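Within every chain, numbering begins at 1; the chains are lettered A, B, ... in the order of the sequence lines, protein sequences first and strands thereafter. Small disclaimer: the values here were computed from a predicted structure and weren't measured.
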Amino acid sequence: MRRLHRPGDTPVHRLPPQCKLLAVLGFALAVVSTPREAFWAFAGHAVLLGLVAAAARVPPPFVVRRMAVETPFVLFAVLLPVVGRGPYTELWGVELSVEGLWAGWNILAKASLGVAASILLAATTEPRALLLGARRLRLPALLVQIATFMLRYADVVLGEMRRMRIARESRGFAARDVRHLPVVAKSAGALFIRSYERGERVHLAMLSRGYDGVMPALYDPPASARQWAVAAALPGAACAVALAAWIEVSGIGVPGMGVSGMGAG
Amino acid sequence: MHVPDGFFTTPVSIGAGVVAAAGVAVCLRGARRELDDRTAPLAGLVAAFIFAAQMLNFPVGAGTSGHLLGGALAAILAGPYTGVLCVTAVLLVQLLFADGGLTAIGVNVTLMALVTVVVAWGVLRGITRVLPRGRAGLLAASFAAAMISVPASALAFVGLFAIGGTTALDVGTVALAMGGIHLLIGVGEGLITALTVGAVLAARPDLVYGARGLTAPLRLRATPGAPGPTPSPAPGTATSTEGA
Amino acid sequence: MTESLAVRGLAYAYPDGTQALFGVDLTVARGERVALLGPNGAGKTTLVLHLNGILTPGLGGVSVGGLPVTKANLKEIRRRVGLVFQDPDDQLFMPTVREDVAFGPANLGLRGEELERRVTWALDRVGMLGEIDRAPHHLSFGQRRRVAVATVLAMEPEILVLDEPSSNLDPAARRELAEILRSLDVTVLMVTHDLPYALELCERSLILSGGVIVADGPTRELLADSALLAAHRLELPYGFAVPAS
Amino acid sequence: MTESLAVRGLAYAYPDGTQALFGVDLTVARGERVALLGPNGAGKTTLVLHLNGILTPGLGGVSVGGLPVTKANLKEIRRRVGLVFQDPDDQLFMPTVREDVAFGPANLGLRGEELERRVTWALDRVGMLGEIDRAPHHLSFGQRRRVAVATVLAMEPEILVLDEPSSNLDPAARRELAEILRSLDVTVLMVTHDLPYALELCERSLILSGGVIVADGPTRELLADSALLAAHRLELPYGFAVPAS
């Protein structure tokens, strides 16, 4: 599995996972709600993330490299002005849809900020802790358990899949085109059986240690009010930016008010 | 194709979140019925399998390749309720690795877990009811179910786009383009799903949820000279008559 | 009452009709270390799954420390019988060593300091306290087997039941585990086909073959009886000699 | 040309930077049976994956039957090197034993009667012809390991490379596999930490430790040198004595 977590001992790392999850969710909602016309506001959001990254000692190249996951949507966003509906405008000799340009910019800016925030969250929190945090935020226990088991066994199953592939290749097989699908699928079938049977054995092992359908809650410390307050700084500042942007766009406010809001981050 | 933050408007994201939460809640109850207290370990291991299977890339043509969504496969192998939970768990864990937006988790669960599984399961049930019972029928149905689940998911995406996306695009054109491309990807999904189900069916038919009810009913051997077959006696009686 | 484990006339058939056990009788006294030997397919695993009530006997019964294995006693029985599975990956299902070892005692209702004390004590007994916060899949195979032993030790079992404890271990890890098992002050039933390991660790052995106990005696004597071994598809490996006592 | 396998100055580092091999030199003559011994983590598996070109050497090289392991020769190399994995389940994935054994030769282009002949021949050599139409999944562990050997025998390899062939086998299955391996007229390289099994099957042994070959000689002599064994975390199991020749 891709390793996104960067162990560390910064204030950001030490925050309880449920606080960070809600903070990132709040930040993402603020970003999504920011009017696309307010360019400066997106710069403000980016600065906020930069401050968090600095506090967590996550180097910018680390974040940028991992933003590749959004590539398909970047392509989509770039295509929008080309294939979008009229009215059109001309830019560098190419006829582009005005609405398409706005839509493309909107997706690109908001998705990038969201992805960067998620990367920072994953970099400063272990996946396991994030699931505990999700449990604290009242995500159904059974669902969290399933995800926890998946996290525990993903490497085991991937290892089995890798060894099966090496074994196939050692006997002169190379998957090149559609005709080789049956072989790959038969391996997948064998892998499913192995996974399912391991699930049954794990269940037996759980029963043998007193499992009765409910996972015991362990090491799940509640967050203090102070920690919640610290975590609220990011979404709070982002909301201030978004609010200022709305006021400006709807023409009542004074441009630049958002900048003072930003200082809170 | 994990939808990131900002792709849909806030109301659409929240609406999809409500749909996803309701769907997952129904599946949590259903899966408990299917698997009782084995749900967590078994669904977790099946989710790990789906996660691994998603790394199987297959050529779509023109140099591009698609990867398995896995919703149909999970539903046919583990049952529709468990299938939804498995794909949801995969999406949750991928979210932890920054794949897919936090505010878009509702959209992603709706599109990739609920729509694929519901459509695939509906198609599977529909076809197996019409086709003759047996292995070939189930495999054909698996192929169709998985194939249709992919463009269905893509069209649901376009639907959400039409409700709350931008007005920059003509929805009809987008629907046609997305549906067309994903029908092609769906063929790959269908092939892998049907072949995988076939492989499991060959070694452990009892593990294929979609094959339940397809196994032949127990046959009873009548003892020569005995009066005609008695209507469905208990299994215990069956073994005793067989001894003769 | 000094019997840790008593099995009486135990018979069992799987739902598909295959009968695996045909009347097993055995007792293990408190503090004993006993090896249960037998070829593959002799019914060893089926027997083990009866000891903590995962399978329900067709005939006969099991009692642990005087308590019969019944639905009503299941919780206490599963505390008393500590099962160590052959594949440690089946047993270590939690994200960290600490949580895995805590799983059993937490199911018994332990929390807080008492739980923590149990966890550190059990890990210390198997020499794995230093790895308490690691993920099980980052440990070596031998280390994982030792953590698996700790997960059941933490429940303070009446009897420790190990399924093929020496399988897949390299010679040094094999010896280290033997030293750990010898250092524990607990009744042990060790299911194995590794006859030298049985001799190294257990004074007494049982042979299970065809679903019944066909021999019960000092390990040294059983392993010297090559006719008995051969009759039940057991044999000492090449080059192995029972060392002079 | 009588060398089945020649490894020269082989060094390798994993993509994450961990170096596993630091210049391995070894040769195996045609028809020899050689044991490659070493503790866990010595680089045994890394070395094995170089023999048929799954991993590409950082420095140095491998040749099999005189043919260097290169991208261009990969197909022929993989025919010549028959790898038997430690876990037979990694190797057996087809619905029937027949299809699994036919998989390799079919990849070489064999079809029809010739393919059928190869499959029955290979299964006959390991005594599994009677199970040809069964699902590998339903066989015992020992039987699956034998089928795994047949899957590579069917490719008529120059050299058979076995990774921990004795692991998880009960004593009888262990001996049966030894008899099968002895009966084969093929070069064998056996990677193991089961020292008695190495002595039983191989005249000559190599010790791989810390990514280099630290000893090469008659198995009997290496196993008698307890200082050498101890230095590389190897040891003879309790009760094992090197039998008089």
Side-chain angles (χ1 to χ4, degrees), chain A residues 2 4 24-25 28-29 31-33 66 69-70 72-73 80 83-85 97 99-100 103 106-107 110-111 114-115 118-119 122 127 130 140 142-143 145-151 153-154 157-158 161 177-178 181-182 184-186 188-193 195-196 198-200 202-203 206 213, chain B residues 1-7 9-10 13 24-25 28 31-32 36-49 51-53 55-56 58-59 77 85-86 88-90 92-93 95-99 101-103 165-170 191-192 195-200 202-204 207:
Chain A
R2 276 173 302 131
L4 276 182
V24 171
L25 185 65
L29 279 174
V31 168
V32 170
S33 314
R66 279 156 185 80
V69 286
E70 63 159 346
F73 289 89
L80 272 177
V83 299
R85 284 191 293 201
S97 151
E99 181 51 35
N106 186 47
I107 288 172
K110 292 178 178 176
V115 170
S118 299
I119 290 169
L130 281 173
L142 187 55
L143 191 60
Q145 280 167 35
I146 294 171
T148 308
F149 276 102
M150 186 209 140
L151 202 59
Y153 284 103
V157 175
L158 283 176
M161 188 168 83
D177 57 46
V178 181
L181 270 189
V184 176
K186 275 173 187 151
L191 190 65
F192 172 77
I193 294 171
S195 304
Y196 195 94
R198 188 183 291 280
E200 289 178 326
V202 169
H203 177 242
M206 293 170 73
Chain B
M1 59 170 239
H2 296 49
V3 177
D5 291 308
F7 206 89
T9 58
T10 314
S13 298
V24 169
L28 282 168
R32 277 244 190 245
D36 59 74
D37 67 352
R38 297 180 305 153
T39 307
L42 268 185
L45 260 300
V46 174
F49 162 76
F51 179 75
M55 308 217 160
L56 295 175
F58 45 85
L77 288 176
L85 295 187
C86 293
T88 305
V90 171
L92 272 181
V93 171
L95 187 69
L96 305 183
F97 291 96
D99 206 356
L102 202 53
T103 60
T166 119
T167 51
L169 293 176
D170 179 62
L191 270 176
I192 292 224
L195 289 166
T196 305
V197 171
V200 178
R204 285 289 306 268
L207 296 191

Peer 1: Check whether any side-chain heavy atom of B:Leu77 lies under 4.5 Å from a side-chain heavy atom of A:Phe192, and answer yes or no.
Peer 2: yes
Peer 1: Are the side chain of A:Lys110 and the backbone N or O of A:Val32 linked by a donor-acceptor pair below 3.5 Å?
Peer 2: yes
Peer 1: Counting C-beta onward and ignoring hydrogens, is there a side-chain heavy-atom pair between B:Met55 and A:Leu158 closer than 4.5 Å?
Peer 2: yes
Peer 1: Given that the side chain runs from C-beta out, which part of B:Leu92 has a heavy atom under 4.5 Å from chain A: side chain, backbone, both or neither?
Peer 2: side chain
Peer 1: Go through the structure and list residues passing side chain to side chain donor-acceptor pair (under 3.5 Å) with B:Asp36, not counting sequence neighbours.
Peer 2: none
Peer 1: Do you know which two heavy atoms are closest between B:Phe49 and A:Ala188, and how far apart they sit?
Peer 2: CE1-O, 3.2 Å
Peer 1: Using non-hydrogen atoms and a 4.5 Å limit, figure out which bit of B:Val197 sits close to chain A: side chain, backbone, both or neither.
Peer 2: neither
Peer 1: In terms of heavy-atom pairs under 4.5 Å with chain A, which of B:Leu45, B:Val200, B:Leu195, B:Val46 leads?
Peer 2: B:Leu45
Peer 1: Side chain, backbone, both or neither: which part of A:Val24 has a heavy atom under 4.5 Å from chain B?
Peer 2: both
Peer 1: Can you tell me which of A:Ala185, A:Gly189, A:Ser118 forms the most heavy-atom pairs within a distance under 4.5 Å of chain B?
Peer 2: A:Ala185
Peer 1: Side-chain contact, heavy-atom cut-off 4.5 Å: A:Leu143 with B:Val24?
Peer 2: yes
Peer 1: Please state whether the side chain, the backbone, both or neither of B:Leu85 comes within less than 4.5 Å of a heavy atom of chain A.
Peer 2: both
Peer 1: Which residue out of A:Val202, A:Val184, A:Leu130 racks up the most heavy-atom pairs below 4.5 Å with chain B?
Peer 2: A:Leu130
